[in-house]
Amino acid sequence: MSHMYNLAIIGAGPAGIATAVESYLQGIRDIVLLEKDQNHNSTIRKYYKDNKRVDKDWKGQKVELDGRIYFVDGTKETTLDFFDEILTNHSVELKTHTEVQSIKKRDGYFEVFVAGGSISAKYVVVTIGRMGKPNKPDYKIPLEIKKRVAFTLDSCVGDEKILVVGGGDSAIEYAVDLSTKNEVTICYRRESFRRANPTNQNDIANAIAHKEVEAMLGVDIDSLEDEDGRVRVIFSERESQTFDRVIYAIGGTTPSAFLANSGIHELDGKPVHNENYETNIKGLFVAGDITQESGGSIALGLNHGYAIACYIQKNN
Ligand SMILES: Cc1cc2nc3c(=O)[nH]c(=O)nc-3n(C[C@H](O)[C@H](O)[C@H](O)COP(=O)(O)OP(=O)(O)OC[C@H]3O[C@@H](n4cnc5c(N)ncnc54)[C@H](O)[C@@H]3O)c2cc1C
């Protein structure tokens, strides 16, 4: 049999890194962190705009940190550096380009399946987040305009007429940031931005007051159409408009297929787990955004990692 790790963690986002580092600090050794992307924290790298302000109390949720990882407000760049540093300082083995397909419980250990083989471990923690599959609208996006409809800011070039769809913190941050170089409208199905944190509520109110962003509140979208390569947006009960680009910032989805293939039960869009984040399968845990229907945060993920590390240390 291949090497038996004590602990295999799937997904190197904040929750995965915290589980690894807190476990190391509790004296647990032989930990492997498996990440499908080329580096840790692919959600932060892909979805956060450059220089984004990173709030510890994201979405206005105050979180007291339980563990030994001292995380504070910063930017996208300082946050990534911070995670780089704690990974290096705690000798955690990070295997990148390693996408886990499923997990099977064997006799007293787990087999974690990756392309072309498997890894064995005594305990497994799944921290794969929800942004592997961002939420998509339920209407069809015509093929001709697919390149003009996105879920990150990667494709934005400046001097465009852009529609941002959503009304949470991410949508507001995208809209305000894009408005420095583009003509931006934000479309949200609710009547106000009350779910966003106070700073973002303030930023969007200012941007609207100064006509840097146009707001369409209480508005739904019925469909998208191709108009000579641009995106015609058909709003319900409003005249349609044409944009160069549409950016959706409407959260992520539960990786249900992954959970089902690994035998982890799901209820109401979340994996079932107890107060120690242990699933219906003993020794197999979940942490971070995957445990939240919406509204996860870096600090919450760090606390989940600490709780799991304490539990494993006590029961090892
Ligand atoms: C635009 C935006 C702005 C945000 N701003 C803030 C903020 O300011 N403050 C804050 O606290 N929170 C913020 N959040 C939320 C925060 O990013 C998440 O709560 C946090 O990243 C969740 O951590 P996680 O470890 O659970 O999952 P993730 O960060 O999503 O990490 C999951 C990791 O697992 C990897 N993975 C997925 N599937 C597999 C697989 N099968 N095999 C191996 N690896 C896999 C992914 O590549 C990824 O690296 C923001 C979110 C978004 C989208």
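Indexing begins at 1, ligand by ligand and atom by atom, following the structure's order.
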**Q** Suppose I only count heavy atoms of V54 and a 4.0 Å limit; which atoms of ligand 1 are within that range?
**A** 8 (O), 9 (N)

**Q** Is S297 in polar range of ligand 1, meaning some N or O pair under 3.5 Å apart?
**A**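 Checking ligand 1 against S297, an N or O pair does fall under 3.5 Å apart.
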
**Q** For I28, is there any backbone N or O sitting under 3.5 Å from a side-chain donor or acceptor partner on Q26?
**A**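 Looks like no, no N/O pair under 3.5 Å.
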
**Q** H304 side chain to G288 main-chain N or O, any donor-acceptor pair under 3.5 Å?
**A**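 Yes: the side chain of H304 pairs with the backbone of G288.
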
**Q** Do the ring centers of F285 and Y311 come within less than 6.0 Å of each other?
**A** yes

**Q** For H40, is at least one N or O under 3.5 Å away from an N or O on ligand 1?
**A** no

**Q** Name the closest protein heavy atom to atom 18 (C) of ligand 1, giving the residue it belongs to and the distance to 0.1 Å.
**A**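 For this ligand atom, the closest protein heavy atom is D289 OD2, 3.3 Å.
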
**Q** For atom 45 (C) of ligand 1, what's the nearest protein heavy atom and its distance?
**A**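 Minimum-distance protein heavy atom for atom 45 (C) of ligand 1 reads K36 CG, 3.7 Å.
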
**Q** Does an N or O from R130, backbone or side chain, lie closer than 3.5 Å to an N or O of ligand 1?
**A**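 Checking ligand 1 against R130, no N or O pair falls under 3.5 Å apart.
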
**Q** Please list the nearest protein heavy atom to atom 27 (O) of ligand 1 with its residue and the distance rounded to 0.1 Å.
**A** G129 CA, 3.5 Å

**Q** Could you tell me whether the side chain of K59 and the main chain of D169 form a donor-acceptor pair under 3.5 Å?
**A** no

**Q** Parallel, tilted or perpendicular: which fits the ring planes of F235 and F243, with parallel below 30° and perpendicular above 60°?
**A** perpendicular

**Q** Report the residues that fulfil side-chain hydrogen bond (donor to acceptor under 3.5 Å, both in side chains) with K62, sequence neighbours left out, ordered by chain and then residue number.
**A** D57

**Q** Tell me the contacting part of T98 for ligand 1: side chain, backbone, both, or neither, using a 4.0 Å heavy-atom threshold, strictly below.
**A** backbone

**Q** May I ask you to identify the nearest protein heavy atom to atom 42 (N) of ligand 1, giving residue, atom name and distance to one decimal place in Å?
**A**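 I find the closest protein heavy atom is V100 N, 3.0 Å.
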
**Q** If you have a sec, work out which protein heavy atom is nearest atom 28 (P) of ligand 1 and how many Å separate them, to one decimal?
**A**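 Checking every protein heavy atom, the shortest distance to atom 28 (P) of ligand 1 gives T43 OG1, 3.4 Å.
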
**Q** Hey, is I10 touching ligand 1 through its side chain, its backbone, both or neither, going by heavy atoms under 4.0 Å?
**A**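 The answer is the side chain of I10.
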
**Q** Give a yes or no on whether the backbone of I221 and the side-chain of S236 come within a donor-acceptor separation of less than 3.5 Å.
**A** no

**Q** Can you pull out the closest protein heavy atom to atom 51 (C) of ligand 1? Residue, atom name and distance to 0.1 Å, please.
**A**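 Checked against all protein heavy atoms, atom 51 (C) of ligand 1 sits closest to Y48 CE1, 3.6 Å.
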
**Q** Considering distance alone, does some N or O of D37 sit under 3.5 Å from an N or O of ligand 1?
**A** no

**Q** Looking only at distances, can you tell me whether any N or O atom of Y174, backbone or side chain, sits closer than 3.5 Å to an N or O atom of ligand 1?
**A**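 No, Y174 has no N/O under 3.5 Å of an N/O on ligand 1.
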
**Q** Provide the number and element of each atom of ligand 1 under 4.0 Å from a heavy atom of G296.
**A** 19 (O)

**Q** Considering both backbone and side-chain atoms of A287, is one of its nitrogen or oxygen atoms within less than 3.5 Å of a nitrogen or oxygen in ligand 1?
**A**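 No, since none of the N or O atoms of A287 sits under 3.5 Å from an N or O of ligand 1.
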
**Q** For Q101, which part has a heavy atom under 4.0 Å from ligand 1: side chain, backbone, both, or neither?
**A**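 Answer for Q101: neither.
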
**Q** Kindly confirm or rule out an N or O of I298 lying under 3.5 angstrom from an N or O of ligand 1.
**A** yes

**Q** Got an N/O contact under 3.5 Å between P14 and ligand 1?
**A** yes

**Q** Sub-3.5 Å donor-acceptor pair from the side chain of E278 to the main-chain atoms of L284, do we have one?
**A** no

**Q** Check ligand 1 against T127 and write out every atom of the ligand that is under 4.0 Å from a heavy-atom position of the residue.
**A** 32 (C), 33 (C), 34 (O)

**Q** Name the closest protein heavy atom to atom 35 (C) of ligand 1, giving the residue it belongs to and the distance to 0.1 Å.
**A**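 Its nearest protein heavy-atom neighbour is E35 OE1, 3.3 Å.
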
**Q** Under the side-chain hydrogen bond (donor to acceptor under 3.5 Å, both in side chains) rule, collect the residues that match up with K76, sequence neighbours excluded.
**A** D50

